[in-house]
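Notes for the one structure printed next.
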Amino acid sequence: MERLLTTEEVAELLRIDPVTVRRLVTRGELIGYRIAGEYRFTEAGVENFVESQRVVVSIAPGPDHPLSRFTERARKVMSLANEEAYRYHHDGVGTEHVLLAIMSEREGVGARVLNRLEVQPGEVREQIEMVHPAGEQPVGDGQIGMTQQGKGSLELAVQEARSLGHHYLGTEHLLLGVLGEEGGLASQVLLQAGVTLEKAREVVKEVLASEQKAGAPEPGQDGEK
């Protein structure tokens with residue numbers, strides 16, 4: 001018999017909260033079965049929802065799947081990026097939303113790298129709002145799909161992690177990914193602030209090296225959670 005997923009498991013897979021999962025069921029966007037007062041979901045049903053929403057996620061990813069390597073902070077950043085897009089009534093999560101989320105998260109390696117590079121979050125947000133102002137109408141509740149450039153930045157983030165020999169994907173890789181996506185708004189705004197991909201790579205290495213010298217746990221395990 002096929003194992004059914006709980007609301008909490010689906011929320012973790014989609015990187016949203018359980019309340020949003022229940023809303024999706026109520027609106028008929030996600031198929032859920034009411035069993036003993038709780039919703040249960042088939043993997044096929046969740047996969048169909050993911051495909052319809054263009055959400056970058058995988059059901060039960062294998063140990064070698066890059067998405068299974070996201071640190072908790074990186075997952076939080078992606079959730080915050082979704083919130084940023086929703087806040088501005090934008091219909092897709094782009095590189096600008098990921099950048100805003102990295103800065104909002106504050107404690108991850110990505111945010112610390114930007115701080116060392118003297119990037120001012122307020123100025124970055126102002127620049128983004130000038131180029132991509134808020135829409136007039138809300139886009140609805142729930143998870144918002146990623147734009148092509150947003151997806152591209154994630155693919156580049158995975159490549160950056162591999163080139164650094166890392167077996168996890170943290171906020172530092174997400175930052176390098178948005179910088180590498182040259183057509184994205186985040187890269188353009190950061191370049192105006194004097195931040196290049198090469199410079200960010202060097203500072204990432206410096207921050208990680210300083211953490212190792214200080215005896216901090218290895219990122220992706222007990223470090224950047």
Side-chain angles (χ1 to χ4, degrees), residues 54 56 66-67 69-71 73-135 144-166 168-211 219-220 224:
R54 298 182 292 113
V56 180
L67 291 173
R69 303 297 187 180
F70 271 59
T71 64
R73 289 195 189 280
R75 289 178 182 273
K76 180 179 179 181
V77 163
M78 296 310 299
S79 177
L80 290 172
N82 184 79
E83 292 177 11
E84 290 285 358
Y86 182 77
R87 168 187 177 185
Y88 285 106
H89 300 171
H90 295 162
D91 59 5
V93 177
T95 60
E96 65 271 32
H97 306 110
V98 177
L99 174 59
L100 291 172
I102 291 172
M103 295 187 298
S104 297
E105 191 275 331
R106 296 184 181 180
E107 298 179 1
V109 175
R112 281 180 278 159
V113 168
L114 290 173
N115 185 53
R116 284 202 184 190
L117 291 168
E118 300 182 347
V119 174
Q120 302 300 316
E123 293 179 6
V124 168
R125 188 176 289 275
E126 287 180 5
Q127 289 293 321
I128 290 174
E129 289 177 348
M130 287 179 59
V131 180
H132 194 182
I144 300 173
M146 297 198 76
T147 65
Q148 287 301 118
Q149 291 174 338
K151 290 180 180 180
S153 73
L154 288 186
E155 294 173 358
L156 290 171
V158 172
Q159 293 178 23
E160 291 288 345
R162 288 173 177 167
S163 68
L164 290 169
H166 296 163
Y168 64 94
L169 197 147
T171 60
E172 64 270 37
H173 308 117
L174 294 178
L175 173 61
L176 296 177
V178 298
L179 272 166
E181 186 63 33
E182 297 179 355
L185 179 53
S187 176
Q188 298 170 25
V189 171
L190 288 174
L191 282 174
Q192 290 179 0
V195 179
T196 64
L197 177 57
E198 291 73 21
K199 188 180 295 185
R201 279 198 191 113
E202 289 304 311
V203 179
V204 165
K205 293 175 183 177
E206 291 173 5
V207 170
L208 294 178
S210 64
E211 287 188 346
E224 181 177 288

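These figures come from a predicted structure and were not determined experimentally.
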> About how many Å separate CZ of Arg201 and CG of Leu175, when rounded to the nearest 0.5 Å?
Replying inline: 11.0 Å

>> Checking Arg125 now: which residues fulfil side-chain hydrogen bond (donor to acceptor under 3.5 Å, both in side chains) with it, not counting sequence neighbours?
In response: Glu84, Tyr88

>> Quick test of your reading of the model: are Arg112 and Glu172 salt-bridged, counting only N-O distances below 4.0 Å?
In response: no

>> Counting only heavy atoms from other residues, nucleotides and ligands, does the tally under 6.0 Å from CZ of Arg116 exceed 12?
In response: yes

> Do you know the tightest heavy-atom contact between Ser153 and Gly150?
Replying inline: OG-O, 2.7 Å

> ring pair (Phe, Tyr, Trp, His ring centres under 6.0 Å): which pairs involve residues 173-195, sequence neighbours left out?
Replying inline: His166-His173, Tyr168-His173

>> I need the minimum non-hydrogen distance between His90 and Gly135, along with the two atoms involved.
In response: CD2-N, 4.1 Å

> So Glu160 and Ser163, side chain to side chain contact (heavy atoms under 4.5 Å, CB included) or not? Walk me through it.
Replying inline: CA-CA 5 Å; Glu160 291 288 345; Ser163 68; 3.9 Å; yes

> Among pairs that include at least one residue of residues 187-211, which meet ring pair (Phe, Tyr, Trp, His ring centres under 6.0 Å), considering only residues two or more places apart or in two chains?
Replying inline: none

>> Assess the residue pair Leu208 and Val109 against the criterion (side chain to side chain contact (heavy atoms under 4.5 Å, CB included)); give the C-alpha distance rounded to whole Å, side-chain angles, the decisive distance to 0.1 Å, and a yes or no.
In response: CA-CA 8 Å; Leu208 294 178; Val109 175; 4.1 Å; yes

>> For Ala101, give me all partners under side chain to side chain contact (heavy atoms under 4.5 Å, CB included), at least two apart in sequence or on another chain.
In response: Val77, Leu80, Ala81

> Between NE2 of His97 and OG1 of Thr147, what distance do you get to the nearest 0.5 Å?
Replying inline: 8.0 Å

> Under 4.5 Å between any side-chain heavy atoms of Leu176 and Leu156, yes or no?
Replying inline: no

Please set out all donor-acceptor pairs under 3.5 angstrom arising from side-chain atoms of residues 178-198, sequence neighbours excluded.
unit_1 : atom_1 : unit_2 : atom_2 : d
Ser187 : OG     : Leu179 : O      : 3.2
Gln188 : NE2    : Gly183 : O      : 3.3
Thr196 : OG1    : Lys199 : N      : 3.1

> Has the side chain of Gln120 got a donor or acceptor atom that lies under 3.5 Å from a matching backbone atom of Glu123?
Replying inline: no

> Restricting to pairs with a member in residues 175-202, which pass ring pair (Phe, Tyr, Trp, His ring centres under 6.0 Å), not counting sequence neighbours?
Replying inline: none

>> Quick check for you: to the nearest 0.5 Å, what is the distance between Tyr86 atom OH and His89 atom NE2?
In response: 7.0 Å

> Are Leu100 and Met103 close enough, and set up right, to give a side chain to side chain contact (heavy atoms under 4.5 Å, CB included), and what steps lead you there?
Replying inline: CA-CA 5 Å; Leu100 291 172; Met103 295 187 298; 3.7 Å; yes

> Are Leu154 and Met78 close enough that some pair of their side-chain heavy atoms sits under 4.5 Å apart?
Replying inline: yes

> What's the verdict on side chain to side chain contact (heavy atoms under 4.5 Å, CB included) for Leu169 and Leu174, showing C-alpha distance, side-chain angles and the deciding distance?
Replying inline: CA-CA 8 Å; Leu169 197 147; Leu174 294 178; 3.6 Å; yes

> Taking all atoms of both residues into account, what is the closest heavy-atom pair of Val98 and Met146, and its distance?
Replying inline: CG2-CE, 4.4 Å

>> Minimum heavy-atom separation for Gln149 and Thr95, please, with both atom names.
In response: O-CG2, 3.6 Å

